[in-house]
Every structure is written in structure tokens, then in C-alpha cells.
Amino acid sequence: MDKQSYFYQFIEPLSKELALVARELENSIFSSPRTMLTHARVFVENILQQVIRAEELPEDPRANLKDQLDMLNDKGYLIPEIRDALHFVRQIGNQAAHNSRMFRYSEALLSWEALYKIVKWYVEVYGPVDITVPDYQDPSPIMEKRYDMSELEIRLKSLEELLSHSVEKLYTETALAETAVAVETPIAEAPVVEEGIPGVTTIRTITFNGRKLEVPYFLRDAFLLPQRFDKSETFLIRLGAEQQARIMSELPKNLEGLHKHVKRYSEKNDEILFEELKTFIEEEKIRRKLSLERPGELFFFYKADYIIVTEELAKVPLTSEEFTGIPSLLRQLNEDQIDSVGQLPKELVILAKYENVGIGTVEKLFEQLKKKTNEKASAVVPEVEEESIRTSNKKWDSLYINVKLGKGNTVIRGESVPALWKEGLNWIEDHHLPIHEMIKEGVVLGSTDTGKRYAMALEPVHKDKRNFTQLHTYKSKLTGTTYYLETKINPKSGLETLAKLLNRLGVEVKIPLLENND
């Protein structure tokens, strides 16, 4: 294949757009595993939408990937191998969207293999007969230069010095052995060149009163953001106005006397800056290592701490409902059209530039972002995972409950939790049971009222002010009111919630699926 080709180029005649998305997924496997896993869901969702249209099945614009998958599986369009592959791509993609943990190349490669099974099935069943699906191929990592040429030159010179030193040492040791001289001969210290992270080779040394500070190659022209230097912020701003110390390479090799470029500063300020430069360099080394270990990730940095920005966290709006105690900062951010978390700068201390916003305000924002990161990770509701799909799939093919009101017995069924709830609401309204007031108050998810998440409400907002994750609606036949249904839940919780609702309306309920639950 030529340099411009990519593995899924063969599906261009079927869908140019689908092929191009596949190309970007292939390119992101080794540059950002999280990105690949997250967007692979969109890729397979598009395929399922094409299948639904090809089979002329009813389309629900509110249906998510799991709804579409379940519907096709229930109607017999998916063989087990393809069903399992689709579930794997969906589940690992959900994790990548919500969870801030590190995602590995191996996970992206497993998703890539699952995609191949799905695409091969799709092309062979629904594609033109003249398209031939090639054998599976692992993607090749993009080979990048590990070291910049200038840094490599420095490393080679140091290694050559080390080589010369070893030859000199060997010669000296041989001479000593021949003459049996028992006097220790001093040998010049050789430079040490360690294999490590590209970019950390020392490019220059800055001194102050006999102390040394080694500047790594990747920071040779780093911008010295004044807000990163708590005690030297104003000093650096004044130096910058005099075209001094704006970037690392502008700093003199000896910081003694740097304060003389500006008025009303002393040698003590030179010393403080030297100490803060040491902290700055150590923090930057940690950040660089983190970026190399977790390629393609988006980070927010605050001093020595950081946050991994997931897709879900990036969507959180910058409003007073989401973030408390920082109204002035939020207002000014919104005025600058920065409306969601994903639009914030990577270096959060920059936000201290806003009027009446100090470093304490930025710290408040950072702490709330950290809290939301943990909430987003813990709020991922477990669904039926791989083991359940393989061992108990038939059990959840159709959700149902047995209900009894007066002398009549009825079975309420649904192919999914949303479908079950809608059928249940239909049945309740057909029997003119007083459901509206309960929905108005908010029906808490699960068998009790102790949780913070609503299952049904008049507004799609939970008790803790978070929006519903996956939304379905039901329009009341009796009042015309729209009821909002939170459907990001597992079948068990869906059954328990409906049973609780019916019980409170005086209906006897039995749930065989839960009674037989092993």
C-alpha cells in the first residue's frame, strides 16, 4: 500500500465518510487510545443505523447505541459473535468517555479487532458484492523521532566524551599495572548520559551563589508564565517589560545581579526566583513524563497537581449551578465564550488574569473540577457486562413484571428498560391510577427513596442538580404532560423502580426475573 492508504480504504465505495472515520480511528490507536475507544462507539452506531434503514425497521431518534443493539439482537439480525463485538466496543467506549484511568494500546487494539468483525459482517451482508474484505491487519504505530537533532547532537558529544574517557582509563590502568605504581592517579570525571525521556538532556546550566540548576532540552525556550511563580510573579512581569526573563533562554547563566534590570528589587529576589525555577523545572519534567505515558490525553494542570479531562467532564457547563463560590470568574469566562469545562486552558493558573480573580479562586475551581472527576467516574452505572451477555442473554431478552389489580392479572413487557417503563405508564394511565403527583414529586431510582438519581420526573434534572445521562420521554395520555425518564441504568434497577411505583399505587407486583436471579 502507498503512504496515503489506510486499512479501511476498501469501504470507500460503500461509504466515503465511514471510511474516513475509520482512518482517523486507526491513526489515533497509538496517539490517543482514549480517543480511539470513545469514537469507535460512534463508528459502530453509524453502522447499526445503516442496518436499521436497510432492514426498514422503525427508527427512534432518541435511541442510543445500546437501544439499537438490543433491538437488532431481539429481532434476530445479529449473530452472537457480532453482538458480543458490538457490546465490547460500546462498553470499553463508555469507560473511556467517563473514566479518567489510563487506557492502554492493548485495549485500543482489542477494540480495533472487534471493529474488524463488525465491518466485515456489515460489508458482507449489506455491502456491494464486488467489495472484497481483506484479511485482518494490526495497525502500525506511527514512527516518530525520539530525539530532536540538536538534542541528539548533545547526547552524541557526551557519549563520545564518555568513550574517550573509557579509553583513557583503560590506558592508565594498563600503565599502572606495568609499573606497579601503588599511587592512586586522579582521573577526570566523565559526563553521565542516561537513557530516559526524550527532551530531558541538559542543554544549559544556570547558577546562583555556587548552586547549579540544570535546564533540560525540552525547556530551552519555555515561556516563563509569571503566574507559575508565586513569589516572583511581579518580578517576572517587570523583567518581561524590560525584555528580560520572558523565556528560559533569556535567563543569564548566572542569576546574580538579574534584579538590576528593574528598580526596587534586590538580590533576595534573584535567590527566590532561582528556587522557584527549580520547582518549575521539576513540575515540567513530571508533566512531560505524564504526557508521554498517556498520549493524546487532555490535562488540566494546577501547580504540581493535575486532572485528566474525560469526554463527560469536558461537557460540564461553567455555570453557578455546577460550580459554587466563584461567580465573578464564571461570568467573565462566559463573556469570553468559554461556556464548558473542555474550553478551559490547560494551565489553569492563567485564569488568575481575570479581574478580581486571585489564585485562591482558581484553586476553588480546580478542587471542584477534581471532585467532579471523581463523581463522573463513580457515576457510571454498571450495565449488563460481558459475562452477563454470554451466560444470561436470554434472561433479559424481554423484561416483564406480573401485576394484579383487583381480580385482573396482567403481564407488562418491554424489550428494554425505556420500553418497559412506557408500557408500565400506559397500563397505569389506562387504569386511571394517580401517577401524576408521584412523577411531580420525582420517582427515585431503585427499590427505595435513598438515592440522588431520579428515574422519572417532570424535569430532566436529578436531586443533585445533574442532568439526566440518557433521556427518554413519555407524554401523559391523561394530562398531556411530558414525563422525563432517566434510562442510563441496568435492567434490575429498572424492574425494581417500576415495581416500587406500582406498589405505591396499590398494585400487587411479582418480578420472576429477579426472583430467579442467581
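Just so it is clear, the values below take in all heavy atoms, side chains as well, and ignore hydrogens, waters and symmetry mates.
Panel note: side chain Asn269, backbone Ser266; a donor-acceptor pair is recorded below 3.5 Å. With hydrogens and angles ignored, the 3.5 Å screen pairs a side-chain donor or acceptor of Gln368 with a backbone N or O of Thr324. Side chain of Glu250 to main chain of Arg246: a donor-acceptor pair is present (N/O by atom type, distance under 3.5 Å, no hydrogens or angles). For Asp270 (side chain) and Gly257 (main-chain N/O), a donor-acceptor pair under 3.5 Å exists by modelled atom type. Using modelled atom types, no side-chain atom of Trp421 and backbone atom of Leu485 make a donor-acceptor pair closer than 3.5 Å. Although no hydrogens or angles enter the test, the distance criterion places no donor-acceptor pair under 3.5 Å between the side chain of Gln9 and the main chain of Ala19. Distance alone, capped at 3.5 Å, is enough to place a donor-acceptor pair between the Asp67 side chain and the Asn64 backbone. Between the side chain of Glu26 and the backbone N or O of Phe7, at least one donor-acceptor pair lies under 3.5 Å. With Thr497 contributing its side chain and Gly446 its backbone, the two residues share a donor-acceptor pair below 3.5 Å.
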Check the pair Arg466, Glu321 against salt bridge (Lys or Arg N to Asp or Glu O under 4.0 Å), reporting the backbone distance first and the verdict last. CA-CA 9 Å; Arg466 289 168 41 219; Glu321 288 78 15; over 6 Å; no

Passes salt bridge (Lys or Arg N to Asp or Glu O under 4.0 Å), Glu335 versus Arg331? Steps please. CA-CA 6 Å; Glu335 287 173 356; Arg331 176 179 53 79; 3.2 Å; yes

Let me see the working for Glu283 and Lys303 under salt bridge (Lys or Arg N to Asp or Glu O under 4.0 Å), right down to the final yes or no. CA-CA 8 Å; Glu283 287 180 358; Lys303 298 183 179 178; over 6 Å; no

Stepwise, does the salt bridge (Lys or Arg N to Asp or Glu O under 4.0 Å) test hold for Asp464 with Arg453? CA-CA 8 Å; Asp464 57 3; Arg453 302 177 76 222; over 6 Å; no

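Annotation for Lys440: atom NZ does not count as buried by contact number, only 12 or fewer foreign heavy atoms lying within 6.0 Å. Summarising the local packing, CD of Gln343 is surrounded by more than 12 heavy atoms from other residues, nucleotides or ligands at distances under 6.0 Å.
The heavy-atom pair separating Val89 from Ala114 by the smallest distance is CG2-CB, 3.7 Å. The minimum heavy-atom distance linking Lys285 with Pro216 is given by the pair CE-CG, 4.2 Å. In terms of heavy atoms, Ser111 sits closest to Met36 at OG-CE, 3.9 Å.
Atoms CD and NE2, on Glu271 and His259 in that order, are 12.0 Å from each other to the nearest 0.5 Å. Separating the CZ atom in Arg211 from the CD1 atom in Ile206 is a distance of 13.0 Å, to the nearest 0.5 Å. The OG atom of Ser340 sits 10.5 Å away from atom CG of Leu333, with the distance rounded to the nearest 0.5 Å. With rounding to the nearest 0.5 Å, the separation of CZ in Arg228 from CG in Leu236 is 12.0 Å.
Between Tyr483 and Tyr474, the ring planes lie parallel to each other; the angle is under 30°, not in the 30° to 60° tilted range.
Taking the six-membered ring for Trp and the full ring otherwise, the centers of Phe300 and Phe366 sit at least 6.0 Å from each other. Not less than 6.0 angstrom separates the ring centroid of Tyr8 from the ring centroid of Tyr6. For Tyr484 and Phe468, the ring centers are positioned 6.0 Å apart or more.
Under the 3.5 Å distance criterion, with hydrogens and angles disregarded, a donor-acceptor pair is assigned to the side chains of Ser249 and Asp221. If you check the side chains of Glu276 and Ser232, you find a donor sitting under 3.5 Å from an acceptor. Side chains of Ser328 and Gln332: a donor-acceptor N/O pair is present below 3.5 angstrom, by distance only.
Cation-pi contact between Lys372 and Phe323: present, with separation from the ring centre below 6.0 Å and deviation from the ring axis of at most 45°. Cation-pi geometry between Arg101 and Phe103 is met: under 6.0 angstrom from the ring centre, within 45 degrees of the axis. A cation-pi arrangement, defined by a distance under 6.0 Å to the six-membered ring centre and an angle within 45 degrees of its axis, is absent between Arg287 and Phe299.
Side-chain contact check for Phe301 versus Leu290: some heavy-atom pair is nearer than 4.5 Å. The shortest side-chain heavy-atom distance between Leu365 and Val362 does not fall under the 4.5 Å cut-off.
Residue Arg90 forms a side-chain contact (heavy atoms from CB on, under 4.5 Å) with just one option from Asn94, Leu86, Ile92, and that option is Asn94.
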